[in-house]
Number of protein chains: 2
Amino acid sequence: MSTLEKLSSIKRPSLHEELTDRLRTMIIEGVLEADEKVPERELCEKLGVSRTPMREALKVLAADGLLTLQPNRGARVRAITLNELEEVFPLMGALEALAGELACKNVTEKQLQVVRKNHKAMLACFKASDMPGYFRYNQLIHEAILNAAGNQTLTTTYLSLAVRVRRARYLANMSQQRWQAAVDEHEVILSALEARDANKLSAILKQHLENKFATVRQWVLSQQNKPCQQGES
Amino acid sequence: MSTLEKLSSIKRPSLHEELTDRLRTMIIEGVLEADEKVPERELCEKLGVSRTPMREALKVLAADGLLTLQPNRGARVRAITLNELEEVFPLMGALEALAGELACKNVTEKQLQVVRKNHKAMLACFKASDMPGYFRYNQLIHEAILNAAGNQTLTTTYLSLAVRVRRARYLANMSQQRWQAAVDEHEVILSALEARDANKLSAILKQHLENKFATVRQWVLSQQNKPCQQGES
DNA sequence: TAATTTAATAATGAATGCATAATTCATTTT
DNA sequence: AAAATGAATTATGCATTCATTATTAAATTA
């Protein structure tokens with residue numbers, strides 16, 4: 001029995017769930033480009049599913065704000081506008097600040113170690129100029145802080161907003177100076193968390209976010225200047 | 001031509017959208033009770049739709065956190081747990097505070113009048129002991145403040161959280177004293193907004209929310225003590 | 001009689017089919 | 001030739017059907 005206890009139940013995510021995740025990733029990674037029409041039929045064939053689960057997934061992603069559904073005219077990848085970006089920014093700021101506060105209250109030594117580990121790995125990527133790697137660990141750190149806050153609802157809410165501004169492309173826009181600065185900020189973040197200094201952590205997280213948004217904003221602007229460059233096929 | 005200009009375009013919401021709204025309302029109003037199984041087939045017949053749009057709606061509501069989907073076992077109305085309530089509370093607090101701040105910055109005289117009008121109507125309902133009416137105007141006021149903040153993303157995010165704790169039933173639990181206090185708080189809210197006093201508004205909104213949550217918390221506790229009272233048919 | 005197994009029923013997940021609306025392209029008209 | 005009309009094509013919304021999984025009921029066994 002003792003070995004049986006440890007067995008985790010087999011999870012068989014339904015097709016629409018898998019599809020939702022898959023499509024979400026495709027949008028985030030830019031495989032499906034902004035403003036592009038989502039070719040329902042074509043996607044179904046490529047992914048080997050029928051239209052039913054595909055349409056269910058599209059509905060969910062639309063509810064998440066990643067797509068827009070035009071009745072009888074299909075789905076489009078929702079482009080983030082400058083206006084929306086300006087809206088999301090203060091919101092995420094408030095949530096980050098809250099996360100910082102809660103994290104300082106609740107973080108365990110074990111969770112702190114996770115942050116430290118990812119921090120180190122992130123630094124290594126920075127030194128190796130490995131931007132994708134950097135980005136991955138960066139994300140893990142922020143998720144770990146959310147985790148430490150111990151508020152699942154906060155995490156979910158934050159992530160659903162973060163996804164909207166997390167279109168991979170803008171990374172190319174980050175300058176070397178900005179990158180260095182971001183790394184420096186992360187040093188402060190780590191030390192504030194280690195010191196459980198809620199005010200400091202909240203402040204630096206907000207500052208960090210603000211700087212990040214400056215980069216994103218630049219990218220969005222550059223996108224708007226070269227519009228309708230759709231279809232690379 | 002001049003009359004044609006004023007015509008608003010015909011919107012024909014798709015079935016699944018209507019269904020989503022309808023079901024959401026049913027959940028909020030307690031027609032579908034917490035932990036109850038959602039009778040897919042039965043609902044389809046009652047509402048005169050096929051399973052396809054119904055299932056699309058269920059997926060969306062599940063993504064919204066109002067339902068849980070158990071693979072091959074259908075959907076259930078997600079009961080709000082005490083734990084989740086404790087999580088939602090600080091989150092909504094942070095968002096209300098932000099809304100108050102932004103509203104003081106951006107509110108127009110016209111928007112202020114809307115708040116005043118609903119405030120008056122709400123008072124009338126209070127005096128008439130019309131709780132449903134009070135609740136409706138109360139909600140309109142809070143929505144008007146969000147509106148005045150001028151941040152659509154904030155509004156959407158806030159409302160999606162608010163829906164989870166907005167199960168009509170707990171209203172019965174509000175005492176006369178608490179009701180009076182809530183009304184008093186609303187007086188302060190209005191005057192703070194009129195004075196564009198961001199700090200004061202943020203503070204009172206947070207306080208107001210905290211008090212409201214005390215009532216909800218009590219209700220959730222009372223629900224947990226008398227479990228499995230499902231099925232009134 | 002209680003527990004277990006097996007069969008029957010119902011419900012869900014996903015694919016297909018059909019009707020309608022949108023789009024494209026050819027044709028007509030000015 | 002440009003604009004407008006109409007037919008053909010395509011895509012979408014929804015209903016239906018089929019296959020699989022859960023649930024219930026019946027039957028068997030201890």
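Every value quoted in this text rests on a predicted model; they were computed, and no experiment measured them. In what follows, chains are A, B, ... by sequence order, proteins preceding strands, each numbered from 1. The basis for the numbers below is simple: all heavy atoms, side chains too, and nothing from hydrogens, waters or symmetry mates.
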Asks: Using a 4.0 Å cut-off on heavy atoms, which residues in residues 42-54 of chain B reach DNA chain C? List them by number, or say none.
Replies: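 Of all residues in residues 42-54 of chain B, the ones placing a heavy atom under 4.0 Å from DNA chain C are B/Arg51.
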
Asks: Run the numbers on B/Glu84 and A/Thr153 for side-chain contact (heavy atoms from CB on, under 4.5 Å), then give the verdict.
Replies: CA-CA 7 Å; B/Glu84 193 187 347; A/Thr153 311; 4.2 Å; yes

Asks: Taking the side chain of B/Lys37 as its heavy atoms from C-beta onward, which of C/dT12, D/dC14, D/dT12 lies nearest to it?
Replies: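 Shortest atom-to-atom distance from the side chain points to C/dT12.
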
Asks: Do you know the tightest heavy-atom contact between B/Leu85 and B/Arg217?
Replies: CD2-CA, 3.5 Å

Asks: Hey, which of B/Thr157, B/Thr155, B/Asn151 is the one that makes side-chain contact (heavy atoms from CB on, under 4.5 Å) with A/Glu87?
Replies: B/Asn151

Asks: Whole-Å distance between C/dA22 P and A/Gln70 CD?
Replies: 11 Å

Asks: Decide, yes or no, whether a salt bridge links B/Arg22 with B/Glu18 under the criterion of side-chain N to carboxylate O below 4.0 Å.
Replies: no

Asks: Using whole Å, report how far CZ of B/Arg73 lies from C1' of C/dT12.
Replies: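 Atom CZ in B/Arg73 sits about 12 Å away from atom C1' in C/dT12.
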
Asks: Could you tell me how the ring of A/His142 sits relative to the ring of A/His208: parallel (under 30°), tilted (30 to 60°) or perpendicular (over 60°)?
Replies: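 Ring orientation of A/His142 relative to A/His208: parallel.
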
Asks: More 5' along DNA chain C: A/Leu15 or A/Pro71, using each one's nearest nucleotide?
Replies: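 Its nearest nucleotide lies further toward 5', so the answer is A/Leu15.
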
Asks: May I ask you to evaluate whether A/Lys59 reaches the phosphate of D/dT12, defined as a side-chain N or O under 4.0 Å from OP1 or OP2?
Replies: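 No, because none of the side-chain N or O atoms of A/Lys59 sits under 4.0 Å from OP1 or OP2 of D/dT12.
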
Asks: Hey, is A/Lys105 close enough to A/Glu101 for a salt bridge, meaning N to O under 4.0 Å?
Replies: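 Salt bridge flag = no for A/Glu101 with A/Lys105.
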
